[in-house]
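Read the structure below first, then the notes.
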Amino acid sequence: MSDVKLIIDGTEVSVPAGTTVLEAARTLGCDIPTLCHNDELKPYGSCFLCVVQIEGRPNLVPSCTTACLDDMKVTTENEDIKGARK
């Protein structure tokens, strides 16, 4: 399995293909809140609490169900994200 490189909050990270944005962010110590996510279950993405912003996408996406892609630029905290999490 090959690695993918992406940027999360300005920091480049390399993770195995198939890694979710939530998992990648946690390797950097980013604290993305979750409600429905459980490490022992398949990602569900229903609570929308773990949303992040990905450059080039028009809407926020749940980090627990979004797979990392090469050159993806992710923001885990800004005013739009804070508003969506409330």
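Keep in mind that the numbers below use all heavy atoms, side chains included, and drop hydrogens, waters and symmetry copies. Along the sequence shown, residues are numbered consecutively beginning with 1.
Atom OG1 of Thr19 and atom CG of Asp3 lie 8.0 Å apart (nearest 0.5 Å). Atoms CD1 and NZ, on Ile8 and Lys73 in that order, are 13.5 Å from each other to the nearest 0.5 Å.
In terms of modelled atom types and a separation under 3.5 Å, the side chain of Thr66 and the main chain of Ser63 share no donor-acceptor contact. Arg26 places no side-chain N or O within 3.5 Å of a backbone atom of Asp31 that could act as its donor or acceptor partner.
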**OP:** Mind running side chain to side chain contact (heavy atoms under 4.5 Å, CB included) on Asp71 and Leu6 for me, showing each step along the way?
**Re:** CA-CA 5 Å; Asp71 301 320; Leu6 66 153; over 6 Å; no

**OP:** List the steps and the verdict of side chain to side chain contact (heavy atoms under 4.5 Å, CB included) for Leu60 and Val52.
**Re:** CA-CA 6 Å; Leu60 300 175; Val52 296; over 6 Å; no

Subject >> Worked verdict on Thr20 versus Cys68 for side chain to side chain contact (heavy atoms under 4.5 Å, CB included) >> reply: CA-CA 6 Å; Thr20 66; Cys68 295; 5.9 Å; no

**OP:** Mind running side chain to side chain contact (heavy atoms under 4.5 Å, CB included) on Glu77 and Gln53 for me, showing each step along the way?
**Re:** CA-CA 8 Å; Glu77 196 72 36; Gln53 188 171 46; over 6 Å; no

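Here the side chains of Val13 and Thr11 are not in contact, with every heavy-atom distance at 4.5 Å or above. With contacts defined as side-chain heavy-atom distances shorter than 4.5 Å, the pair Asp9/Leu28 does not qualify. Counting only heavy atoms from C-beta outward, the side chains of Thr34 and Cys47 never approach each other to under 4.5 Å. Annotation: side chain of Thr76 is not in contact with side chain of Ile81 (no heavy-atom distance under 4.5 Å). The shortest distance between side-chain heavy atoms of Val51 and Val61 does not fall below 4.5 Å. Ile32 is listed as a side-chain neighbour of Arg85, based on a closest heavy-atom distance under 4.5 Å.
Between Thr75 and Asn78 the shortest heavy-atom distance is CG2-ND2, 3.8 Å.
No continuous path of hydrophobic side-chain contacts links Leu69 to Ile7 [ILVMFWY only; heavy atoms under 4.5 Å].
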